[in-house]
2 protein chains.
Amino acid sequence: MADAARDDAALPLPAAIAAALEEDIVFGRLHPRERLIEEELAERFRATRHTVRQALAELERMRLIERIPHRGALVKAYSPEEVRQLYALREMLETQAAALIPLPLAGDALAPLHALQQQHAAAVAEGDTRAVFRADLAFHRALYAHCGNLFLAETIEELGQRAQVIRYANLRSQASMEWARDEHAAMLGALRAGDRAALLALCVAHFRPAREAYLGQHPTLLA
Amino acid sequence: MADAARDDAALPLPAAIAAALEEDIVFGRLHPRERLIEEELAERFRATRHTVRQALAELERMRLIERIPHRGALVKAYSPEEVRQLYALREMLETQAAALIPLPLAGDALAPLHALQQQHAAAVAEGDTRAVFRADLAFHRALYAHCGNLFLAETIEELGQRAQVIRYANLRSQASMEWARDEHAAMLGALRAGDRAALLALCVAHFRPAREAYLGQHPTLLA
DNA sequence: GTCAACGGCATTGTCGACAATCCCGTCGCC
DNA sequence: GGCGACGGGATTGTCGACAATGCCGTTGAC
């Protein structure tokens with residue numbers, strides 16, 4: 001079990017608890033199938049059980065946990081086949097979205113993306129994995145927001161959330177974080193240059209490795 | 001405001017309330033922007049406010065309503081531009097899914113679909129719009145379940161739910177219900193014959209009209 | 001006459017306590 | 001010795017009451 005609540009004060013309490021648990025799941029401090037007990041969490045976060053309950057509902061909405069009536073909440077586990085299907089859909093959507101981004105991207109549209117990329121790079125440099133995680137999410141959201149279709153962008157984000165355990169398993173290796181950083185930079189270059197083919201290739205190449213690594217590491221996870 | 005709770009007993013109470021409200025929204029008994037007041041609903045469904053709250057959370061998850069903290073729940077409204085984007089994504093996903101269904105579909109895979117189509121046809125014959133609505137949902141879910149990608153099927157269903165107000169605005173016209181029925185039959189034919197081109201054409205043609213009708217009818221709905 | 005501050009009312013959000021459910025070890029019967 | 005019924009303990013679900021919030025009409029000052 002992980003350490004106590006991080007002070008993400010300022011955001012509503014249930015959201016803060018959900019965020020903390022989300023990180024616990026992403027960073028493997030809570031493993032698939034592990035049970036989440038409301039009262040324990042309430043104590044850990046010094047909140048009422050009611051508040052914890054709301055946080056669990058939020059995590060269920062994000063599909064990071066599964067709740068079985070009268071039985072409680074489990075960290076969700078994906079079978080290799082599910083991972084393959086999830087990634088197939090993500091690839092299809094992200095490819096489509098990348099194809100829809102107007103190119104070249106105007107300078108004032110590029111600036112915020114660039115700022116996010118810098119944030120990500122800084123977090124990588126400091127080895128602050130939590131910040132890397134958040135910055136990476138923000139970068140990808142901002143990137144696909146430019147596809148011009150609100151629903152497509154939302155769907156991509158939701159599926160990305162579901163895949164978090166897989167996507168961010170590599171946050172333990174400095175090398176792969178640096179890889180991601182450099183690919184982000186390359187994407188910005190393609191956006192600026194208006195090089196559609198390069199952008200598409202980068203988007204696909206960007207998330208394939210995580211899938212492979214996960215499937216290699218959990219070869220026969222039954223579920 | 002609509003009439004009292006329908007006896008969808010047997011399913012958990014919050015789900016039953018959510019289903020009833022869902023139908024109210026789909027059939028236009030609750031219009032976009034209309035406010036949902038917890039206590040009124042509690043009285044109407046003879047449930048506690050707590051139960052109603054859960055139902056609202058469920059409807060929010062389905063994106064049929066919007067909840068603003070301390071201000072309550074509103075039936076969600078879509079601007080014409082949002083409708084266009086939503087439909088663009090739906091078209092893309094349903095086309096892809098239809099392209100992935102293995103053809104021709106084996107007989108024992110066809111049978112359940114056929115049964116659902118019959119249910120739909122029966123409901124159309126009786127003019128039971130509620131049943132038509134439910135049967136149509138079931139038919140499409142079963143159809144796209146055959147695409148072989150769980151997540152794609154789920155995503156299609158979720159986006160379909162979000163589009164319900166648009167999709168089912170035509171349930172007030174007997175003619176369009178009969179149209180839908182005939183198209184379902186044609187889809188089954190294409191599945192059986194293994195005619196991919198026909199299947200794709202049907203899937204696209206099947207939901208375009210609802211979009212046009214909605215956009216025509218709500219020409220400048222601000223939002 | 002206009003505008004800002006106040007206060008009452010409708011509504012939503014949270015709490016603590018209690019009820020319902022399920023898992024699992026124990027007992028008794030065959 | 002195996003197996004089903006029973007029951008205790010842990011855990012989740014629900015309730016009624018109370019607190020917090022925001023809207024809106026009213027008031028009063030300038």
Side-chain angles (χ1 to χ4, degrees), chain A residues 1-2 5 7-22 24-25 30-77 223, chain B residues 1-2 5 7-22 24-25 30-77 223:
Chain A
M1 173 63 58
D7 43 349
D8 295 282
L11 58 160
L13 197 42
I17 295 176
L21 289 173
E22 179 188 10
D24 284 346
I25 294 172
L30 287 170
H31 15 284
R33 297 299 170 90
E34 186 160 346
R35 193 162 164 208
L36 295 171
I37 286 159
E38 297 180 356
E39 206 135 12
E40 281 181 14
L41 297 175
E43 194 175 345
R44 170 174 161 206
F45 292 108
R46 249 162 298 240
T48 66
R49 203 159 61 83
H50 213 99
T51 308
V52 169
R53 223 142 205 291
Q54 263 182 275
L56 292 179
E58 174 70 11
L59 290 170
E60 184 186 27
R61 202 186 53 76
M62 294 168 72
R63 323 254 200 157
L64 292 176
I65 67 172
E66 210 169 350
R67 289 174 97 184
I68 302 165
H70 295 285
R71 299 262 323 267
L74 304 182
V75 177
K76 202 149 176 176
Chain B
M1 176 60 60
D7 43 348
D8 295 283
L11 60 161
L13 195 44
I17 295 177
L21 289 174
E22 180 188 10
D24 284 346
I25 292 171
L30 287 169
H31 19 284
R33 297 297 170 91
E34 185 160 347
R35 194 162 163 207
L36 296 171
I37 286 159
E38 297 179 356
E39 206 135 10
E40 281 180 14
L41 297 174
E43 192 176 345
R44 170 173 160 206
F45 292 108
R46 250 162 295 239
T48 66
R49 204 158 61 81
H50 212 101
T51 309
V52 169
R53 225 144 201 291
Q54 262 181 275
L56 291 179
E58 174 71 10
L59 290 170
E60 185 185 26
R61 202 186 53 76
M62 295 168 72
R63 321 254 201 157
L64 292 177
I65 67 173
E66 209 171 350
R67 288 174 98 185
I68 301 165
H70 293 286
R71 300 260 323 265
L74 305 182
V75 177
K76 203 152 178 175

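All figures in this text were calculated on a predicted structure; none of them were measured in a lab. When reading the values below, keep in mind they use all heavy atoms of this one structure, side chains included, and skip hydrogens, waters and symmetry mates. Letters go in sequence order (proteins before strands), and every chain restarts at 1.
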Next on the checklist: How close do Ala55(A) and Pro14(A) get, counting heavy atoms only, and between which atoms?
Outcome noted: CB-O, 3.5 Å

Checklist outcome for this item: Heavy atoms of Ala18(B) and Leu59(B) approach each other most closely as O-CD2, 3.6 Å

Item to check | side-chain hydrogen bond (donor to acceptor under 3.5 Å, both in side chains) against Arg61(A), all qualifying residues, sequence neighbours excluded | outcome: Glu58(A)

Next on the checklist: I'd like the 5' and 3' limits of the part of DNA chain D contacted by chain B, with heavy-atom contacts below 4.0 Å.
Outcome noted: dT14(D) to dC23(D)

Run the side-chain donor-acceptor check on residues 64-75 of chain B: report pairs under 3.5 Å with partners two or more places apart or on a different chain.
none

Restricting to nitrogen or oxygen on both sides, can you table the protein-nucleotides 22-25 of chain C pairs closer than 3.5 Å?
| residue | atom | partner | partner atom | Å |
| --- | --- | --- | --- | --- |
| dC23(C) | OP1 | Arg71(A) | NE | 2.8 |
| dC23(C) | OP1 | Arg71(A) | NH1 | 2.8 |

Checklist entry - Where along residues 59-67 of chain A does a heavy atom fall under 4.0 Å from DNA chain C? => result none

Item to check | Separation of Glu38(A) CD from Arg53(A) CZ (nearest 0.5 Å) | outcome: 4.5 Å

Next on the checklist: Give the residues of residues 48-57 of chain B touching DNA chain D, defined as any heavy atom closer than 4.0 Å, sorted by residue number.
Outcome noted: Thr48(B), His50(B), Thr51(B), Gln54(B)

Checklist outcome for this item: Separation between CG (Leu21(B)) and CZ (Arg44(B)), nearest 0.5 Å, reads 5.5 Å

Next on the checklist: Between Ile17(A) and Thr51(A), is there a side-chain heavy-atom distance shorter than 4.5 Å?
Outcome noted: yes

Checklist entry - side-chain hydrogen bond (donor to acceptor under 3.5 Å, both in side chains) with His50(A): which residues, sequence neighbours excluded? => result none

Next on the checklist: Can you list everything that forms a side-chain hydrogen bond (donor to acceptor under 3.5 Å, both in side chains) with Gln54(B)? Sequence neighbours excluded, please.
Outcome noted: none

Next on the checklist: Applying side-chain hydrogen bond (donor to acceptor under 3.5 Å, both in side chains), can you list everything that pairs with Arg63(A), at least two apart in sequence or on another chain?
Outcome noted: Glu154(B), Glu158(B)

Next on the checklist: Nearest 0.5 angstrom please: Ile25(B) CD1 to Met62(B) CE, how far?
Outcome noted: 8.5 Å

